[in-house]
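Here's the structure, in structure tokens; my notes come after.
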Amino acid sequence: MTEYIHYHTADIQADLRYLQLLARSFPSIAKASTEIINLEAILNLPKGTEHFLTDIHGEYEAFQHVLKNASGTIKRKVNEIFGNSMRECEKKELCTIIYYPREKLELVKDTEQDMSEWYEITLNRLVKVAQNVSSKYTRSKVNKALPKDFSYIIQELLHETEADPNKHAYFNQIISTIIYTRRADDFIIAMSELIQRLAIDSLHIIGDIYDRGPGAHIIMDTICDYHNVDIQWGNHDILWMGAYAGNRASTANVLRISLRYGNMETLEEGYGINLLPLATFAMETYGDVNLDFYKPRLKFSQRQFSDKEIKVIAQMHKAVCVIQWKLEGQMIERHPDFGMDDRNLLRIADFAKGTITIDGTEYPMLDSHFPTIDPADPNRLTDEEEKIINQLSLTFMNNEKMRRHMGCLLSHGSLYLARNNNLMFHASMPMNPDASFKAVEIEGETFSGKKLFDRIDRLVQLACRKSNDEGDQEYAVDYMWYLWCGPDSPLFDKSKMATFERYLIADKETHREIRGNYYRLHDDSAICDRILREFGLPTEGSHIINGHVPVKIKKGENPVKADGKLLVIDGGFSRAYQPETGIAGYTLVYHSRGFQLVEHEPFESCEKAIEEGQDIISNTVLNEFKAKRLKVRDTDKGRILVEQVSDLNKLLAAYRRGLVKEVQ
């Protein structure tokens, strides 16, 4: 509880102008006192549950299921509430109803003989779960989350109980009336969605929503409509944002990755990108030449392709690879300050011999059929290539749905976030071998540590907002590509992105991408403490939370590093990574009693979850419980509320001493 403070008149007079402004909102002692009572009550509520996810990579079914089950939070609540009073199969069915109410209702109706009894039992159980998950919040906050059609009824059920003898008949009559007026289905759906919403107070997405999986656009629709979300951009998100900003090299990379994984759903169905001109050009240019190196990786694709479709995708894939390498060469030549001249590989290839010399070693290229490359000027696009990439780039820039999604990434997103003693950023902090923060040059100035992150954050906003009245937007747009693959980018931080080598050189030694110093140093708790202090966080009880690098459980890697200071929660949401990691991702839950790091096994399908009640099998690999239950007072929001209480107490003192006049 906030202690009563005796304010000296001189202190009040020093803040008099501010207090007079505050008095406009609280014009009397009664109103100021009421607000203090309200804020003090809120400060003593349990801390809301935070949910952390990263590296979703378009796997929308698994993502949506993890959101619905709140990484096991709802199942845990059901077990706590009903314990041994319900059989395991009944608890499983109740959880499935909460996750998928519409779909589950249809199945129940096919098998249940007495729907009235089933409705009555289910509604009572849902009310109990809703009462539990709503107990962390004020009535006002809960009421704002209620569906309009059932707002009054749900309010009554949440705050009454059939155990009260005076309200027993009243409570039961509400349930009965819902059933006989044939509103039970709609009410069950409304209650289930309310439970899902209240189970999680805030959602943190620590990067990489896009690429590889088929439904990044579906995930973005969900995120844009979510009640409380923040996003820390990942390198794959920045790639799509760069394409939206008009960076043609980023556009080519987006297309190449989509074609590489046979994942055109997001492009074609999600955003309506027309790939026909690219397909026509590719078929005419690359015909029947050997395209084995460009065949899509379909092992984890959910679509079936004919041989003819695979051939066309391979042709498009090769066409876009060549366009990408040319555009990247142009970017490197335009920006010597990027320090990437060693990546201007078309310039050093010998197309007559079909070889390329890297670091003094000559390698044969696996493919030497490049009819659109002029050896005298290899980075120059042909007229047709120029036309195609310009058309595609304009489509990205002017796409209405993409504008909405990119606007969401900008308004809810940032390079990093420090919240409730947790520092979240997707990948890395550029560092020197001695663990000092690396100075990175941007437009002739050098930045390091937090200042580097803040400078990059402003550049991204400038590039994507498309307002030409501020700064050098052209540089900002070009820098979006550097963020994707530049050696000093906090979103990449490797010696190189070996795309060219992986496609065209057999020797795997050339494929190596050496990680930056952060990845070598971040297992040291003292280094993590230095980073936390740089961002103004205490070293005790704080954490750094990253994604980006899949944790390979099969090889004995651990997501918990630096004595628990650092948590890396990329465990393989993407199906393409799961054979390497051995699991299907980590999620993190931070509730009033502490942290839980949850390890998930692969999610089979929504159909299995609905029909058979198959939840994601999850194991808690870290429980970091607090000695006392955390309250709103212990959060960043709580600290703001404490300041507001202090200001209001000072206003009360000003009223009582006649320094500010009440308005009755």
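What you see below is based on every heavy atom in this structure, not just the backbone, and it leaves out hydrogens, waters and symmetry mates. The structure displayed is predicted, hence computed values, not measured ones.
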Open item on the list: If we check side-chain contact (heavy atoms from CB on, under 4.5 Å) with Ser542, which of these qualifies: Leu423, Asn420, Asn421?
Closed with: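 The side-chain contact (heavy atoms from CB on, under 4.5 Å) with Ser542 is passed solely by Asn421 among Leu423, Asn420, Asn421.
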Open item on the list: Which residue in the set Tyr226, Trp233, Phe63 passes side-chain contact (heavy atoms from CB on, under 4.5 Å) when paired with Ile205?
Closed with: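 Answer after filtering Tyr226, Trp233, Phe63: Phe63.
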Open item on the list: For Tyr210 together with His236, are the ring centres under 6.0 Å from each other?
Closed with: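 So the answer is no for these two rings.
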- [ ] Check the angle between the aromatic planes of Tyr590 and Phe595 and answer parallel, tilted or perpendicular using the 30° and 60° thresholds.
- [x]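 Correct class here is parallel.
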TODO: Could you tell me how the ring of Tyr271 sits relative to the ring of His405: parallel (under 30°), tilted (30 to 60°) or perpendicular (over 60°)?
DONE: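 Rings of Tyr271 and His405: perpendicular, over 60°.
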Between atom [atom1] of [X] and atom [atom2] of [Y], what is the distance when rounded to the nearest 0.5 Å?
| X | Y | atom1 | atom2 | answer |
| --- | --- | --- | --- | --- |
| Arg419 | Thr635 | CZ | OG1 | 9.5 Å |
| Ile97 | Ile189 | CD1 | CD1 | 11.5 Å |
| Thr54 | Ile545 | OG1 | CD1 | 10.0 Å |
| Ile175 | Asn124 | CD1 | CG | 5.0 Å |
| Tyr119 | Leu126 | OH | CG | 12.0 Å |
| Ile188 | Ile98 | CD1 | CD1 | 11.0 Å |

- [ ] Show your working on side-chain hydrogen bond (donor to acceptor under 3.5 Å, both in side chains) between Tyr518 and Asn546 and close with a plain yes or no.
- [x] CA-CA 12 Å; Tyr518 175 78; Asn546 294 156; 2.6 Å; yes
Nearest heavy atoms of [X] and [Y], plus distance in Å:
| X | Y | value |
| --- | --- | --- |
| Leu198 | Ser134 | CD1-CB, 3.7 Å |
| Val568 | Gly547 | CG1-O, 4.0 Å |
| Asp237 | Asp208 | OD2-N, 2.7 Å |
| Pro559 | Leu597 | CG-CD2, 3.8 Å |
| Asn263 | Thr266 | OD1-N, 4.0 Å |
| His548 | Phe492 | NE2-O, 4.2 Å |

Output all residues satisfying salt bridge (Lys or Arg N to Asp or Glu O under 4.0 Å) with [X], sequence neighbours left out; order by chain, then residue number.
| X | answer |
| --- | --- |
| Arg76 | Glu80 |
| Glu50 | Lys47 |
| Arg87 | Glu90 |
| Lys450 | Asp454 |

TODO: List the steps, then state whether side-chain hydrogen bond (donor to acceptor under 3.5 Å, both in side chains) holds for His591 with Gln596.
DONE: CA-CA 8 Å; His591 47 66; Gln596 286 184 293; 3.0 Å; yes
Do the side chains of [Y] and [X] get nearer than 4.5 Å, heavy atoms only?
| X | Y | result |
| --- | --- | --- |
| Ile74 | Ile195 | yes |
| Asp211 | Trp240 | yes |
| Phe82 | Val129 | yes |
| Lys401 | Met220 | no |
| Thr73 | Val589 | yes |
| Met431 | Ile527 | yes |
| Val460 | Leu415 | no |
| Tyr519 | Ser428 | yes |

Open item on the list: Tell me whether Asp634 contacts the main-chain N or O of Lys631 through its side chain, where contact means a donor paired with an acceptor under 3.5 Å.
Closed with: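 Flag set: sc Asp634 to bb Lys631 pair under 3.5 Å.
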Open item on the list: Tell me whether Asn44 contacts the main-chain N or O of Glu40 through its side chain, where contact means a donor paired with an acceptor under 3.5 Å.
Closed with: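 Judged by distance alone, yes, a pair lies under 3.5 Å.
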Open item on the list: For a side-chain hydrogen bond (donor to acceptor under 3.5 Å, both in side chains) check, start with the C-alpha distance between Lys104 and Ser192, then their side-chain angles and the critical distance, and finish with the verdict.
Closed with: CA-CA 11 Å; Lys104 189 62 180 177; Ser192 297; over 6 Å; no
Give a yes-or-no answer on whether the side chains of [X] and [Y] include a donor-acceptor pair shorter than 3.5 Å.
| X | Y | value |
| --- | --- | --- |
| Asp230 | Gln232 | yes |
| His217 | Glu269 | no |
| Tyr100 | His65 | yes |
| Gln173 | Thr177 | yes |
| His51 | Ser71 | yes |

- [ ] Taking side chain to side chain donor-acceptor pair (under 3.5 Å) as the test, write out the residues that go with Ser176, two or more places apart.
- [x]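 Scan of Ser176 (side chain to side chain donor-acceptor pair (under 3.5 Å), adjacent residues dropped) gives none.
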- [ ] Applying side chain to side chain donor-acceptor pair (under 3.5 Å), name anything that partners Lys91, two or more places apart in sequence or on another chain.
- [x]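 Once residues adjacent in sequence are excluded, the partners of Lys91 under the side chain to side chain donor-acceptor pair (under 3.5 Å) criterion are Asn79, Glu88.
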Task: Exceeds 12 heavy-atom contacts within 6.0 angstrom, atom CZ of Arg102 - done: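 Counting other residues, nucleotides and ligands, CZ of Arg102 stays at 12 neighbours or fewer.
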TODO: Determine whether more than 12 heavy atoms belonging to other residues, nucleotides or ligands lie under 6.0 Å from atom CG of Asn84.
DONE: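 Check fails, neighbour count at 12 or below.
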Provide the full list of salt bridge (Lys or Arg N to Asp or Glu O under 4.0 Å) pairs with a residue in [range], sequence neighbours left out, each pair given once.
| range | answer |
| --- | --- |
| residues 635-645 | Asp636-Arg639 |
| residues 138-149 | Lys141-Asp201 |
| residues 523-548 | Asp529-Lys565 |

Open item on the list: Give me each pair satisfying side-chain hydrogen bond (donor to acceptor under 3.5 Å, both in side chains) with a member in residues 106-116, each pair once, sequence neighbours excluded.
Closed with: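 Every pair satisfying side-chain hydrogen bond (donor to acceptor under 3.5 Å, both in side chains) with a residue in residues 106-116: Lys109-Asp185.
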Open item on the list: Is there a side chain to side chain contact (heavy atoms under 4.5 Å, CB included) between Leu239 and Ile257? Walk through the geometry before answering.
Closed with: CA-CA 11 Å; Leu239 189 63; Ile257 294 169; 3.8 Å; yes
TODO: Show your reasoning for whether side-chain hydrogen bond (donor to acceptor under 3.5 Å, both in side chains) applies to Ser151 and Gln155.
DONE: CA-CA 6 Å; Ser151 179; Gln155 286 181 58; 3.1 Å; yes
Open item on the list: I'd like to check the side-chain contact (heavy atoms from CB on, under 4.5 Å) partners of Ile121; sequence neighbours left out, ordered by chain and number.
Closed with: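 Counting only residues at least two positions away or on another chain, Ile121 forms a side-chain contact (heavy atoms from CB on, under 4.5 Å) with Glu117, Arg125.
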Task: Results of side-chain contact (heavy atoms from CB on, under 4.5 Å) for Ile153 - residues two or more places apart only - done: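 Ile153 satisfies side-chain contact (heavy atoms from CB on, under 4.5 Å) with Phe150, Leu157, Ile174, Ile178, Phe187 only.
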